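Note that this is a predicted model, so its numbers are computed, not measured. In listed order, ligands and their atoms are each counted from 1.
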Amino acid sequence: MGWLEGDVALITGGGSGIGRAVALRYLAEGGCVAVFGRDAEQLREVVKAAGELGERVLTVTGDVRSPEDLHRAVEATVERFGKLDALVPNAGIWDYHRSVTRLSGRELSAAFDELFAINVKGYLLAVEASWRELVRTRGSIVMTLSNASFHTDGGGSLYTASKHACLGLLRQFAYELAPKVRVNGVATGGMRTKLSGPESLGLQNRTLEASFAKNEKNEAFGEKSPPLIPLYDSSVEPEDFTGPYVLLASRANSGTVTGAVLPADGGIAVRGFRTAAGGIGLY
Ligand SMILES: NC(=O)c1ccc[n+]([C@@H]2O[C@H](COP(=O)([O-])OP(=O)(O)OC[C@H]3O[C@@H](n4cnc5c(N)ncnc54)[C@H](O)[C@@H]3O)[C@@H](O)[C@H]2O)c1
């Protein structure tokens, strides 16, 4: 028996990265998943990757900035699987560490509107479209948050502010939707994904995995140097982050947990002033 046997989840940005990894893990735990995203081909790939579990995957194309698209996704999920137990608001973009000193006011204004519309409004609208079905099942919401929901330097000011805003949404939703719906989050740390940037800054075709590849000798992820992030002594992949999503969606295992965030960021908060104390030489 999996931890999510018979449960139905809707995952925004489910076609790649952490959303895709969570979708495949929820399937392995016995659930059904609807993956929602902008790229139909990516979503079809998730069905293929699921193999024989692919019959428990529904794909819905749409944009998280559109309330209509999200309502259509919830309706299609309930029509196909009969209910909705978990929503995973996850679709997002990054700002590629653009600091305020590198951008003009005009650029900041356009990038703010674009990034906040996806990262923050996208979460708000996904919850609006889903809460009625989640109340019916006494279900839950598991948001993808970030180290940038708590700390600086996980991006520039736009991304950091957007992920702090998502923490505010999480807490307010946990308040507004109790006692029927639990609302929690997983604050993931850096990993190799296709995370792209705002079109308004010309960063829409960049991917984080390409940046990782360029920085192979980067101290945080290199083989020889001590890890900058305590638990990252080798590379981490999206699959490594899925456990907390299963835990928080599971009624049996976290039925009393709401308004909580599980940091799965390699221990950034215990990094100290220099690097992780032990490093790879610790034995
Ligand atoms: N990769 C990291 O290091 C990292 C670290 C912490 C948090 N996160 C967060 O994880 C979440 C997932 O990102 P990822 O790293 O897996 O990157 P990703 O690009 O692989 O996944 C994001 C998905 O969202 C989709 N998406 C983007 N804009 C959309 C829109 N307007 N409408 C519908 N779908 C849209 C993309 O097509 C993509 O499939 C994001 O919220 C990101 O901020 C990522």
Ligand 1 and L145, any nitrogen or oxygen pair closer than 3.5 angstrom?
-> no
Look at the side chain of S149 and the backbone N and O of L145, then say whether any donor-acceptor pair between them is shorter than 3.5 Å.
-> no
Under 4.0 Å from any heavy atom of T144, which atoms of ligand 1 are there?
-> 9 (C), 10 (O), 11 (C)
R65, portion touching ligand 1 at heavy-atom distance under 4.0 Å = side chain
Looking at I118, which atoms of ligand 1 are within less than 4.0 Å of one of its heavy atoms?
-> 28 (N), 31 (N)
If you measure from the Lys or Arg side-chain nitrogens to the Asp or Glu carboxylate oxygens, is any gap between D7 and R251 under 4.0 Å?
-> yes
Between T12 and ligand 1, find which residue part has any heavy-atom pair under 4.0 Å and reply side chain, backbone, both or neither.
-> neither
Counting heavy atoms only, name the option from V186, T207, T188 that's nearest to atom 6 (C) of ligand 1.
-> T188
In terms of atom number and element, which parts of ligand 1 are under 4.0 angstrom from non-hydrogen atoms of A91?
-> 24 (O), 26 (N), 34 (N), 35 (C)
If we only count N/O pairs under 3.5 Å, is L195 in contact with ligand 1?
-> yes
For atom 21 (O) of ligand 1, which candidate among G17, A126, S16 holds the nearest heavy atom?
-> S16
The one among E199, R38, R20, M143 that brings a heavy atom closest to atom 33 (C) of ligand 1 = R38
Which one holds for F241 and ligand 1: side chain close, backbone close, both close, or neither close, with close meaning a heavy atom under 4.0 Å?
-> neither
Between H97 and W94, what is the ring plane arrangement, given parallel below 30°, perpendicular above 60°, and tilted in between?
-> perpendicular
Does the side chain of R182 come under 3.5 Å of the side chain of S254 through a donor N or O and an acceptor N or O?
-> yes
Within a distance of under 4.0 Å, is there any protein heavy atom near atom 36 (C) of ligand 1?
-> no
Which ligand 1 atoms does T193 reach within 4.0 Å, using its non-hydrogen atoms?
-> 1 (N), 14 (P), 15 (O), 16 (O), 17 (O), 20 (O)
Heavy-atom proximity to atom 5 (C) of ligand 1 ranks first, among G189, S146, G14, A117, for G189
Run the salt-bridge test on R72 and E68 with the 4.0 Å N-O cut-off and return the result as yes or no.
-> no
